[in-house]
Each structure stands twice: as structure tokens, then as C-alpha cells.
Amino acid sequence: MARVVVDVMLKPEILDPQGQAVQRALPRLGFDGIADVRQGKRFELEVEGPVDDAALARIRELAQTFLANTVIEDFAVKVEEKQ
Amino acid sequence: MARVVVDVMLKPEILDPQGQAVQRALPRLGFDGIADVRQGKRFELEVEGPVDDAALARIRELAQTFLANTVIEDFAVKVEEKQ
Amino acid sequence: MTARVGVVTFPGTLDDRDTQRAVRIAGAEPVPLWHRDKDLQQVDAVVLPGGFSYGDYLRSGAISRFSPVMESIIAGAKDGLPVLGICNGFQVLTESHLLPGAMLRNNHLHFICREQKLRVENANTAWTADYTAAQEISIPLKNIDGRYTADEHTLDELEAEGRVVFRYVDVNPNGSLRDIAGITNAAGNVVGLMPHPEHAVEPLIGTGQTDGLGFFTSILKRLVNT
Amino acid sequence: MTLDTVKHAEQTSDTPQPWAELGLKQDEYDRIREILDRRPTGAELAMYSVMWSEHCSYKSSKVHLRQFGEKAPQTDALLVGIGENAGVVDVGQGYAVTFKIESHNHPSYVEPYQGAATGVGGIVRDILAMGARPVAVMDPLRFGAADHPDTKRVLPGVVAGVGGYGNCLGLPNIGGEVVFDACYQGNPLVNALCIGVMKHEDIHLAKASGAGNKVILYGARTGGDGIGGVSVLASETFDDSKPTKRPAVQVGDPFQEKLLIECTLEIFREDLVDGIQDLGGAGLSCATSELASAGSGGMRVELDTVPLRDATLSPEEILMSESQERMCAIVEPGKVERFLEICEKWDVIATVIGEVTDGDRLEIFWHGEQIVDVPPRTVAHEGPVYERPYARPDWQDALQADDANALPRPAGGDELRAAALALISSPNQASKAWVTDQYDRFVQGNTVLAQPEDSGMIRIDESTNLGVAVATDGNGRYAKLDPYTGAQLALAEAYRNVAASGATPLAVSDCLNFGSPEDPDVMWQFAEACRALADGCLELGTPVTGGNVSLYNQTGDTAIHPTPVVAVLGVIDDVTRRTPIAFAEEGQLLYLLGD
Ligand SMILES: Nc1ncnc2c1ncn2[C@@H]1O[C@H](COP(=O)(O)OP(=O)(O)O)[C@@H](O)[C@H]1O
């Protein structure tokens, strides 16, 4: 079984209060030198059968219509190497 | 500026209701062949200065103590290549 | 004849019974609609009530939007069927692209439950005719994903066309852009808002006020008069 | 890996077993052997060990709790008393109300969000299992010092968990408490209460009767939740590889629970169940043994039919799993098809896992081989009972003598002003809005009173305006000073709060949060509090209908303050006559009652 990962992040122009909350907490935790934090979602899909171009096209379609809301979010699809 | 990504996923043995809800919706959307879906978080950190071993160690520490709840979550840290 | 108002139940819908009660109190007949049925049972209007359909998993409203009942509602709405989306129902409407924009996590990241003051900006929609323009009403608000967001162009267009139906007054409880609490489509038959009129239809209960009843009497009048 | 069957156990009587690791004492293990007349199988050992734990068997508290029955006041209002999932009270007009308070203290310290969330989920299923629609929740909470760093971790997580679960179920939160005290630093108290409403004829009980009736497990799949302890069984008895790492943390899925509620209520409406039990602390071990023990026959279960989330679970682990959002129903064969149809309608997985037999044993099979053969009562209802030693602590007199008169008094206006400001700005007096704003109090459209009122009130009939009011109160500092008086003060306060809202108090539920019962000081506090509540309830004419005991609340050797939390339920014929706390209009007169 192969794993395909879909990363979904808010578009850069959209306010991300979750990321900001993390960033604001960093100095308190003694971390500096981090200029920005954005928080998004990661989906791990276990795909039955071969992950060929057709399968990837379908997953991209799934991400586009379902996993991401493209009004506010961008996404990226990648096949994860087997360890 | 370099980008470091921290992926946080529920441990495999922990119930992931979100991932399950997504998976159960797939057949209705006409997608099959996906045996499992897990949903987690992705943090993108923009790091000032060099991402050397010391910086990565600090980010790992941050992930361990703050970004992930290690009672129920695992995490992975990786440096993202500049496009 | 009395108007038949459909009230949809998705898995995880919470306010369906309250909405049915509000429809009844306004004098119309509530008709329960089940998410798996495409048949809208010839209702004259539809309410998508609040709740956590599908647990709000993935994104609020994202999974419900693909249910069989939504196919019929989306088609009906395009033909002028009056549709009101409250809270989770509003989220379903934006996910379905019947209304523009999207709903994001509240800017303070918490669930918030409060009595919220609103200004009625558009009293000409199917669901707001019993209010007057600029009238202020107070009804409950309760959500965690209530921050209305759209790009500048869409926001300008909504304002220019008078499609902002409600704005938050005194407090913007979730960081919604331009204090927007509710909007309508170009035709004015589809309205969505985050606060809950169905929880403010009886004295003593909830806020103790009946400021929300106007939504349900508005639609009743509209339907009976046509 | 060989399966530890009953037959195998008979033949290998001398095989050492990890009973101590499972929390059993030598004499308890010996008793199990005596009951079975052989060594228990791994699965049996798993069942006995969880069911005989303090949490499930009430072995230290039972002797004191008995007073609630023995001293119970005469009342016609009580339809179902102590012993069932929750007590049921007649509130008139054919309605019955059930309510109960439970603790989820330890899990909430380990993982505040999930601990609190699953605490709410558990009490809601208890109420549902009685046949009632859950209509409201409350959450008495106690945390360490407000400014302690760990409180920053625990409090927001607990509040988000209570809200996240309750809001998603559509249950209005109509009250609770937030108390800060350093004694709860390593041991916060997360108590959750649920109220449910039904008609008299809808009351359901947890019992399995009628040979041939089916046992149906429905709800979430079974995973490895909360079975850290039993992993030793899987490893030491059968397999020498290391114990598999299992999550001790249970994760809640409120969406699944909402479906379970609606599905179960529809099943009740069509009268499809004979007996029903929620799966709580000890999972299937508890549900099967309690159903069989309370019923008239025996029960046979095919454990390998249980739908799993993790295919590697051993039978022992399946029996002990604390996976949330599951229920177990006893259904006549002719009604099974309709039962399964309703579950399918609500997207709820349902499986026939066994049936009621005309025997008197609980028998469990794994792929056709028998792994459990026990008299169910010995598991569920005839566990060990301890008369733990207790004595009034020798420090009690000194504590009581150290009263406020010894404290310095503010001298002059400035000090008085400072004292007043310190008092009203203390976290225990400050507004609780940060907490209560995160809870939906409007959902279901029947909330008459919620925060900031002294008691919550819910309308239960729209046409007659019949309603109920509930208040919870407790004060660990009073109870530490004098457990008897402190417990009665908690009872009296909750009683007054209900009465002040305009309702007539009818019944009591309590959550007794104490330290280790093995400490005679703590045991004395516990005994005193029980005696106080039983006496107080008799005096007030309101029976205790159920509750929960949470022991071992301590950090190292230091126990929390004894903290009996008392909930009082009252009825009001017409909610329009409720009395809110606010002044209604100018010119009203103020009276002080009592002395
Ligand atoms: N954890 C909580 N959950 C829900 N309601 C709460 C909680 N804590 C406090 N409240 C509510 O907030 C209000 C004020 O609480 P509190 O200041 O403790 O009042 P009081 O001292 O009169 O009991 C009450 O209505 C109480 O029920």
C-alpha cells in the first residue's frame, strides 16, 4: 500500500490566528528567531493499488473539491517514499 | 530565510475521528481505493538565520514540548528545500 | 393554506428540533428533511439548521455539502427556492458555493456563546422582510468557526449590491471581515448567518427575547402572499 | 501464541499469573480461584481485575454508601433507586427525570482535553442507557492555584474538552463550578453531570433476560483505548515478546456519540430493546457481566465478532478496552432486523455478538474456543468488600482551633480597602465567564436558567411549562475542617439554590472526591461525609438516587481536601414562575431569611 500526503495550508493572504497564537507563544517558551508560523492540515491517504498518474490525478481532484476549500486554502499532493 | 516543517499526527493506535469521517465520505464522492485516512497538523516555521544542527535541535524541542501533545501525537521535523 | 418549511437533519445537526419549533410558532408547518433523501417533499422553503454536522470534521459543512438532499437544495436555490442557513447551515451554504466566501476558526480560537447584537442591513430578503432596515436585534451566537472571510473584491461587491444582511454591533465576536454576520445571494432567496434566530422565539427561554421570530414570520408572509 | 482457553486453564493450574500487575491482592486472586475451582484464564483474570478494581466495585466505599439506602427518606418520587446506571425520579405529568454526576479526575490530569471530553461522554451514555433523552449537562471543576504554570495546561484543556464534547452533542451547559485551590494542583477534579428526561413507560434497565434474545454491540469500533494495564496479560501469559504499547488515553468522538444518542432514542421509540447498558470504564467486561448478572439467565458471547479498529487486539484487550461511544443492547430475535436498520440509518455500526442463554454462566468464545466461563454475579456484583480502618485524624483539633480569629485584622481604611479588593479579585470570586462563554447554553431551546444563576433550569414540556432545576455545590475547605458539617453544607447549599429558583427539591446525586482509602484519616473523612449526606437527605426528605466515588485523589502522600460535590434536582410546575437572581424592577423590597 502506498501513502499519498495532501498538505492543505491557508492562502498566504488569509489571517491564520492559530499560527499566530503559536508564534506569539514562542518567546515565552524561550524560542526566538522564528519569523512566522503558519498552521495547516496534513492528510495521509493509504492508497490501494498503484499510485500512477491516473491515481494522482484523482487524488488531486479530491483535494481540489473536498480536502481543501480553494476559496481560502492551497494544497499540495505528494507521494511518500516507503521507509 | 529557511522553512522548517513540523508534521504532527495522532499516534497510529489513537482514534482519529476526523480522518475516519473523511474516509467514510469518500465513497459518496465517488472515490474508492483509499484504505485509510489520517488527519494531522502541519506547521510551517520561517526560521531566521542558518538552519544548523543547533537550530534543528531547538525546533525538535519545540515540537516535543509545544507543537505536539506527545501523550497522543507523534511529530516529524524536516527542512524544506527552497524552490 | 399554510406554508411548508423544510428543516434538514444531517448527522450531527443539533438545532433541527428548535428550528421546527420556531417554524411552528411562526405559524408555518415544519417538514423534517433527511440528508439521505433527495426528495424535498414539495416544501416552499428550506432551513439548514445549526449544529456540528459530521462533527465539523475536515471543515464545518464540508462533508454535508455532498449529501443527496443538498443536490436538490442547490438546484432548488438556483431556481429561487428560499433557503436559510443558520450557523452550520451557513457554513454548508458557503461550502456549496451558494453563498460566497468561507468560514474560518474564530480569531480568538475559542468556542463562544453569547447574546449578540446585530444590525439588519437588508430587510428585503425572503427571510428578513419583517424587520426594518437598520433595526437592531439581539439573538444568541454560538460557534467556533464563525469568522466570515472573503477576498476584498467579493466583500466590495457584497456591500455594493446590498448583500450584507446582518452586521455585528458593539462587539465583533469572531473577527469576521467588515463585521459581517450574514449575507445573501444576488437573488435574495438564499440567506446565511452565524447567530441563531431559532433560539430567540419565545419569552423566558434562552435570551428571554423573541427577536429571532421575524425570520420565520418573514418567510411565512412571503410564501402566503405569493 | 496459544489461546488461554478454559480447558487449557484447567490443565495448567499451576501456571503463574500476573494478578498483582493487574492490581489484584493475593486474597482476591485466591477467591477467584475458589469461585472457578481452577485458575482463571487470561480473559477471566482481565475481567475480574477490572471489575474488582476500586473504580468498578466500590470495594472501599460500599459499606458507607449503604446508608443512602438504609436511611433513605420515604418518597413516592423515586422510580429507580441506587444501583442502576442512574436513579430516576417522578416529576409529574407522566414524566420521569434521571440525573447523575460522575468524575473523570485522573484522565483529565494526564490529557486534559480528552479526559474531560470523555468524562462528559461517559455520563451522557449512563443517562441515555436509562431510556432518557439527555437534556443538559453541568460541570463542577476544581483546579490548582490559578497562577500555577500547570493550571495553564490543565484548565484550558479541561474547559475546551467539556465544551468541545458537550457543544457537539447539543446539550446545553446550565451550570457548574470553577474552584482554585493548591490542593488540586496535581489532581484536578473534573466532575460532570447529565440530566435526562423520559416518560415513565420508557424507563430501561441494564439486564439480560429471555433465553434466545440477542446481545447487540453498537457504536464505535473497539480499539486499544485505556488498556495499558492489561497488556501485561497479552505478553506474560502467552507470549514473551514485549508488551505491545497500547494507549492509556481514551479519545472521544462526540459526533459518534450524537449519532448513538439519536439512534438509541429511535430504538427506544420503537420499543426494540429488553435491556441496555452503556460501555464505560471496564468496557465489554462490565457490560456483559452486569447485564448477565442483573438478568435471569446466562449469556454467551462470540468475542471474535466484535468490530475492531485495531486487528491485533487480543481477546483480553478487547474485553478490557475502554473505547468510547459504544452501547450493548438485549434484543428479541424478531426485533433484531429493525434494530439493525435503525443503526444503519444513523451510520452506526451494530453487530450481534451473542445471546442470552437459559443457563447461569457468562460464557465467552474466541473463534469457537471458550475463554470465559464464570458466574456473572461474582464478576459484577459480588466483588470484594472492605471495612477499611478509619479514625479521626489527630491533627483535626489543631486545624479547627486555627480559626479566622487568629488572623490579623485590617487596620484602617487603606488596609480594609486592600483586603476588599484582594477578596473580590481572587480567582475564586472572579467572573467565570471565560469558562462559561465556551459552553453552549441555548441549544435545544429549553433553557430557562443558566449562568450566572444559582441553579440551572430546563423546560421539559412545552405545552405545560413543566421544568426541572439542578444545582451543584461543594466546598473542600469546609469539608476538611469538618467533613460531616462540610458535606451537609454542600447539600444545604445546593438545596437552597434549587429552592431559590422556585423549584421544589426532589432528589440528590453526589460525587465523592477523596484521597486514598488506605489512609485512615481519609477514610474517616469519607465515612463522615457519607454519614452526613445520608442524615441530611433523611432530614430534608430527598433521597440520594446515585452518584460516584472517586478515591486516590492525591499527589504522593498528600490527599486533596475531601470534596463531596452534591447535586440537587428539583421540579417546577410552571417555568414561567421561576425566580432569577437579578432584580426585576426598581422599588422591589429585599428580605433576609434565616438567621
Ligand atoms: N464550570 C462551569 N460550568 C458551567 N457553569 C459554571 C461553571 N462554573 C461556574 N458556572 C456558572 O457561573 C455562574 C457563576 O458561578 P460562581 O461565581 O461560582 O457563582 P456562585 O458563587 O453563585 O455559585 C453560576 O451560574 C455557575 O453555575
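Proteins get letters first, then strands, A, B, ... in listed order; numbering begins at 1 in each. Just so you know, these numbers use all the heavy atoms, side chains as well, and skip hydrogens, waters and symmetry mates. Keep in mind that what you see is a predicted model, and the values were worked out from it rather than measured.
- Contacts of C:R65 with chain A are absent, with no heavy-atom separation under 4.5 Å from either backbone or side chain.
- Residue contact with chain A, scored on non-hydrogen atoms closer than 4.5 Å, is absent for C:H108.
- Expressed to the nearest 0.5 Å, how far CG of C:D211 lies from CD of C:E115 amounts to 9.5 Å.
- Only the side chain of A:F43 comes within contact range of chain C, judged by heavy atoms closer than 4.5 Å.
- Ring geometry, C:Y54 versus C:H35: the interplanar angle exceeds 60°, so the pair is classed perpendicular (tilted spans 30 to 60°).
- Side chains of C:D145 and C:N88: no donor on one and acceptor on the other come within 3.5 Å.
- Contact annotation for A:L15: both backbone and side-chain heavy atoms come within less than 4.5 Å of a heavy atom of chain C.
- Interface residue C:L58: backbone and side-chain heavy atoms are both found under 4.5 Å from chain A.
- Between A:E80 and A:R42, at least one side-chain nitrogen of the basic residue sits less than 4.0 Å from a carboxylate oxygen of the acidic one, meeting the salt-bridge criterion.
- The aromatic ring centres of C:F215 and C:Y131 sit less than 6.0 Å apart.
- Residue C:L177 does not touch chain A at all, counting heavy-atom pairs closer than 4.5 Å.
- Side chains of C:D16 and C:T19: no donor on one and acceptor on the other come within 3.5 Å.
- Contacts between A:L10 and chain C at a heavy-atom distance below 4.5 Å involve the side chain alone, from C-beta outward.
- Between C:L141 and C:Q116, the shortest heavy-atom contact is CB-CB, 3.8 Å.
- Looking at A:K41, only its side chain comes within 4.5 Å of chain C, counting heavy atoms on both sides.
- Ranked by heavy-atom pairs shorter than 4.5 Å toward chain A, the options C:D151, C:T94, C:N107 are led by C:N107.
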